[in-house]
2 protein chains.
Amino acid sequence: MDVQRSGCPINLTLEVVGDRWSLIIIRDMMFGNRRHFRELLGRSEEGIASNILADRLKRLMAEGLIGRADDPTHKQKAIYSLTEPAIQLVPLLVQMGAWGRRHLGVTPELSIRAQLLEEGGPELWSDFMDELRAAHLGAPAPDKSPPVSQRLQRAYEEVVSRAA
Amino acid sequence: MDVQRSGCPINLTLEVVGDRWSLIIIRDMMFGNRRHFRELLGRSEEGIASNILADRLKRLMAEGLIGRADDPTHKQKAIYSLTEPAIQLVPLLVQMGAWGRRHLGVTPELSIRAQLLEEGGPELWSDFMDELRAAHLGAPAPDKSPPVSQRLQRAYEEVVSRAA
DNA sequence: CGCAACCGATTGTGATTTGCAACCACTTGC
DNA sequence: GCAAGTGGTTGCAAATCACAATCGGTTGCG
């Protein structure tokens, strides 16, 4: 994954995030609000192995997509955060979600967020990116109400409860 | 790559095209108009190995992203084509190109197409997808002039000649 | 007809990456 | 003091990958 093959933008993007796990990790940090190693390790549905997670976090840091800071509440805890380049992956992830939702057998609970993000269009993505900047970069909060993340979460819970 | 891990749309999309080569092949078929095994094998800048190419073509066919037909001019020649689901990957590839162009060290010749597609927005993508449907699915030609593919090609050649 | 070039692959071989489970040194809360 | 939790590391088997050589068949050309 580290051999440069060509200067094509699509190829270069694939060299950075074109593996099985990098985008899963970014997705969990983005939409699942997971910021710690063990949160990323255990709670994700896909079940990444700890050595792979450690390797990917290292690599994503080296590529400048995520940052790492000490958690003041626990000397051993690390807080991982998305950087601006990673936040700008939102439109890409939305397109991935939209395509998967249309063409693959997704479960309704997990597709409702993709649907809302797709229907919301670039303006909604932009609001969501501002929220991520506030949460991960310490940027001033955009002060939309309700925040996009909350709207997504509520829609998800509604579908889940309806299914029960 | 064939173990289903979760029903999340992003994850499912990654399971289909989240490897190093599948999207490169689709990119070459889409923007490079490569339709034969040997065209895909040799002329791409990244240099895929023939066994990997054969494996990926098989897999993409099984997933319904590409089709295969006999070339009437040569009994051993196969013509590969994009299916509708693959054509609908255009917005995803555009976003990949846009992100790579912004954040990675792309060469100017190879980034001009990404730039035009990004700036053209969804209407341009839609025109381009109609052209792909005409070329790959035998759909009626959209009859725009000049076609998007030609505009992209001309812009590329202009940058190349300017660099020379 | 003869033969070189071309066709979509397949085979064989090592190198790399992955998945899995166990384990590690250390910190925290009780 | 001790169990639970922290971010990882290690060892090993299995899968995947890259690279080069090769294959049986087809085509164009003399």
Side-chain angles (χ1 to χ4, degrees), chain A residues 1-6 11 14-25 28-29 32-63 66-82, chain B residues 1-6 11 14-26 28-29 32-63 66-81:
Chain A
M1 208 160 71
D2 37 3
V3 184
Q4 167 137 355
R5 300 168 201 261
S6 90
N11 175 64
L14 280 172
E15 281 174 13
V16 174
V17 295
D19 72 288
R20 197 63 194 72
W21 290 113
S22 296
L23 281 180
I24 295 280
I25 293 168
D28 284 346
M29 294 180 69
N33 201 33
R34 309 191 201 285
R35 310 287 299 266
H36 301 289
F37 190 92
R38 277 208 149 58
E39 285 178 343
L40 289 163
L41 186 63
R43 250 88 80 174
S44 120
E45 292 213 34
E46 289 88 5
I48 187 172
S50 62
N51 53 350
I52 309 281
L53 176 58
D55 176 77
R56 288 304 183 282
L57 288 172
K58 208 179 295 175
R59 196 177 299 201
L60 288 171
M61 280 199 296
E63 282 156 350
I66 63 177
R68 191 199 135 114
D70 293 335
D71 187 328
T73 73
H74 190 307
K75 280 190 183 162
Q76 272 189 322
K77 236 169 171 173
I79 304 182
Y80 292 98
S81 58
L82 298 169
Chain B
M1 207 163 70
D2 36 2
V3 185
Q4 167 137 352
R5 298 168 203 260
S6 90
N11 176 63
L14 280 172
E15 280 175 13
V16 174
V17 295
D19 72 287
R20 198 63 193 73
W21 290 112
S22 296
L23 282 180
I24 294 280
I25 293 169
I26 290 172
D28 283 346
M29 293 179 71
N33 202 33
R34 307 191 203 286
R35 309 287 298 266
H36 302 288
F37 189 93
R38 279 236 171 6
E39 286 178 342
L40 289 164
L41 186 63
R43 251 92 72 180
S44 121
E45 292 214 34
E46 289 88 5
I48 188 172
S50 63
N51 53 349
I52 308 284
L53 176 59
D55 176 79
R56 288 304 182 281
L57 289 172
K58 207 179 297 175
R59 195 177 299 199
L60 289 171
M61 280 199 294
E63 283 155 350
I66 63 177
R68 191 198 135 113
D70 291 337
D71 188 329
T73 73
H74 192 304
K75 280 190 184 162
Q76 274 188 318
K77 234 169 174 174
I79 305 183
Y80 293 97
S81 58

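Lettering follows sequence order; numbering is per chain, from 1. Computed from a predicted model, the values in this text were never measured in an experiment.
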Notebook entry, point to check: Starting at CZ of F37(A) and ending at P of dT27(C), how long is that distance when rounded to a whole Å?
Noted result: 18 Å

Next item on the list: To the nearest Å, give me how far apart CD (E46(A)) and P (dT18(C)) are.
Entry: 16 Å

Notebook entry, point to check: At their closest point, which heavy atom of H36(B) faces which heavy atom of A78(B), and how far apart are they?
Noted result: ND1-O, 2.9 Å

Next item on the list: To the nearest 0.5 Å, tell me how far L82(A) CG sits from I66(A) CD1.
Entry: 8.0 Å

Checklist line | Comparing H74(A) and D55(A) on DNA chain C - which has the more 5′ nearest nucleotide | finding: D55(A)

Next item on the list: Send over the distance from I25(B) CD1 to dC17(D) C1', rounded to a whole Å.
Entry: 14 Å

Checklist line | Closest non-hydrogen atom pair, S22(B) against R56(B) | finding: OG-CD, 3.7 Å

Notebook entry, point to check: Considering only heavy atoms and no angle criterion, is a donor-acceptor pair shorter than 3.5 Å present between the side chain of Q76(B) and the base of dG8(C)?
Noted result: no

Checklist line | Rounded distance (Å) that lies between atom P of dG8(C) and atom CD of E39(B) | finding: 8 Å

Check: How many Å lie between CZ on R34(A) and C1' on dG7(D), as a whole number?
Finding: 17 Å

All N/O contacts under 3.5 Å from nucleotides 18-22 of chain D to the protein, with atom names and distances to one decimal?
| residue | atom | partner | partner atom | Å |
| --- | --- | --- | --- | --- |
| dA18(D) | OP1 | R5(A) | NH2 | 3.4 |
| dA18(D) | OP2 | W21(B) | NE1 | 3.2 |
| dC19(D) | N4 | N51(B) | ND2 | 2.6 |

Next item on the list: Verify the contact: side-chain N or O of R56(A) to OP1 or OP2 of dT18(C), cut-off strictly under 4.0 Å; return yes or no.
Entry: yes

Check: What's the shortest heavy-atom distance between M29(A) and R34(A), and which atoms?
Finding: CG-O, 3.3 Å

Check: By salt bridge (charged side-chain N to carboxylate O under 4.0 Å, His left out), which residues pair with D55(A), not counting sequence neighbours?
Finding: R59(A)

Next item on the list: When you get a sec, tell me which of dT18(C), dG7(D), dC7(C) is the closest nucleotide to the side chain of K77(A)?
Entry: dG7(D)

Next item on the list: Please report, rounded to the nearest Å, how far the C1' atom of dC7(C) is from the CG atom of L41(B).
Entry: 11 Å

Item checked: Any K75(A) side-chain N or O less than 4.0 Å from OP1/OP2 of dA25(C) -> no

Notebook entry, point to check: Can you tell me how far the CG atom of L57(A) sits from the CG atom of L41(A), to the nearest 0.5 Å?
Noted result: 10.0 Å

Item checked: Heavy-atom closest pair, residues L53(B) and I25(B) -> CD1-CD1, 3.7 Å

Item checked: Rounded interatomic separation in angstrom, taking NE2 from H36(A) and P from dA4(D) -> 21 Å

Item checked: Spacing of D70(B) atom CG relative to dG25(D) atom P, expressed in whole Å -> 17 Å

